[in-house]
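Just so we're clear, the structure is a prediction, and the values are computed from it rather than from any experiment. What's counted below: heavy atoms across the whole structure, side chains too, no hydrogens, waters or symmetry copies. Remember, it's 1-based here, ligands and their atoms both numbered in the order they're listed.
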Amino acid sequence: MNFDGVNEKTLVLIKPDAIQRGLTGEIISRFERKGIKMVGIKMMGLDDDLLKQHYSHLADKSFFPSLVKFMKSSPIIAVCFEGLEVVNAVRLLCGITKAREAEAGSIRGDLAMSVSCNVVHASDSTENAKKEVERFFKADEIHDYSKSDYEHVYAEDER
Ligand code: UDP
Ligand code: MG
């Protein structure tokens with residue numbers, strides 16, 4: 001069976017607040033239940049260099065130093081997910097940045113109250129997703145395998 005059409009990838013970070021609050025399993029299971037395929041996962045500590053690259057679009061914001069401090073406050077879990085239009089699907093599951101206004105049912109909407117401590121990061125475009133996956137994962141940390149439920153997750157004309 002050919003699933004070449006559904007191999008778009010995106011990066012999710014489970015942030016320090018979620019690690020501290022014991023929400024890792026809950027968050028990952030929401031993506032799993034959606035039918036999204038996990039192709040890479042690791043716990044890691046972030047350093048200033050990596051955070052400066054990752055949040056370069058926010059470098060001139062007043063909250064940048066506290067964001068960096070927060071993201072270094074404990075390890076994070078980086079996850080690479082794969083699927084059809086998965087960048088957009090994952091952003092929708094996460095909800096908007098300001099968690100206390102995020103839609104109920106979304107990860108941020110259900111699990112967080114803060115703008116900063118909003119439990120997850122998700123890539124915001126296919127272009128950025130490609131860069132971010134490469135930033136957080138080596139090529140041999142991304143796994144190419146077939147998933148037995150795909151015949152029921154995607155219709156034939158979507159694969
Ligand atoms: N952030 C913050 N204060 C703000 C805006 C953003 O602390 O006023 C943090 C928050 O953790 C957010 C991250 O910076 O998730 C990245 O901001 P971005 O605008 O890219 O939001 P996201 O893509 O995470 O929804
Ligand atoms: Mg962002």
Val12 reachable from Ile41 in the ILVMFWY side-chain graph, under 4.5 Å edges: yes
For atom 5 (C) of ligand 1, the protein heavy atom that lies nearest, with its residue and separation: Phe63 CZ, 3.3 Å
Test of proximity, Asn118 against ligand 1: N or O pairs below 3.5 Å: yes
Cluster link Val6 to Val133, ILVMFWY, side chain under 4.5 Å: no
Protein contact of atom 10 (C) of ligand 1 - nearest heavy atom, named by residue and atom, plus distance: Val115 O, 3.2 Å
Glu103, CD atom: more than 12 neighbouring heavy atoms under 6.0 Å: no
Salt bridge (charged side-chain N to carboxylate O under 4.0 Å, His left out) assessment of Lys147 paired with Asp149: CA-CA 6 Å; Lys147 201 152 180 305; Asp149 64 1; 3.0 Å; yes
Lys15 to ligand 1, any heavy atom closer than 4.0 Å: yes
Top protein contact for atom 14 (O) of ligand 1, by heavy-atom distance: Leu67 CD2, 3.4 Å
Atom 23 (O) of ligand 1: the protein heavy-atom neighbour that sits closest, reported with distance to 0.1 Å: Arg91 NH1, 2.9 Å
Side-chain heavy atoms of Phe81 within contact of Val39, under 4.5 Å: no
For Arg108, the ligand 1 atoms whose distance to one of its heavy atoms is below 4.0 Å: 15 (O), 22 (P), 24 (O), 25 (O)
Flag if over 12 foreign heavy atoms under 6.0 Å of NZ, Lys42: yes
Element-labelled atoms of ligand 1 that are located less than 4.0 Å from some non-hydrogen atom of Leu58: 14 (O), 16 (C), 17 (O)
Protein residue, atom and distance nearest to atom 13 (C) of ligand 1, heavy-atom basis: Tyr55 CE2, 3.9 Å
Atom 7 (O) of ligand 1 [closest protein heavy-atom partner, distance rounded to 0.1 Å]: Ser116 OG, 2.7 Å
Protein heavy-atom partner closest to atom 22 (P) of ligand 1 - residue, atom, separation in Å: Thr97 OG1, 3.6 Å
For atom 18 (P) of ligand 1, the protein heavy atom that lies nearest, with its residue and separation: His57 NE2, 4.0 Å
Neighbour count above 12 (heavy atom, 6.0 Å) for Asp140 CG: yes
More than 12 heavy atoms of other groups within 6.0 Å of Glu141 CD: yes
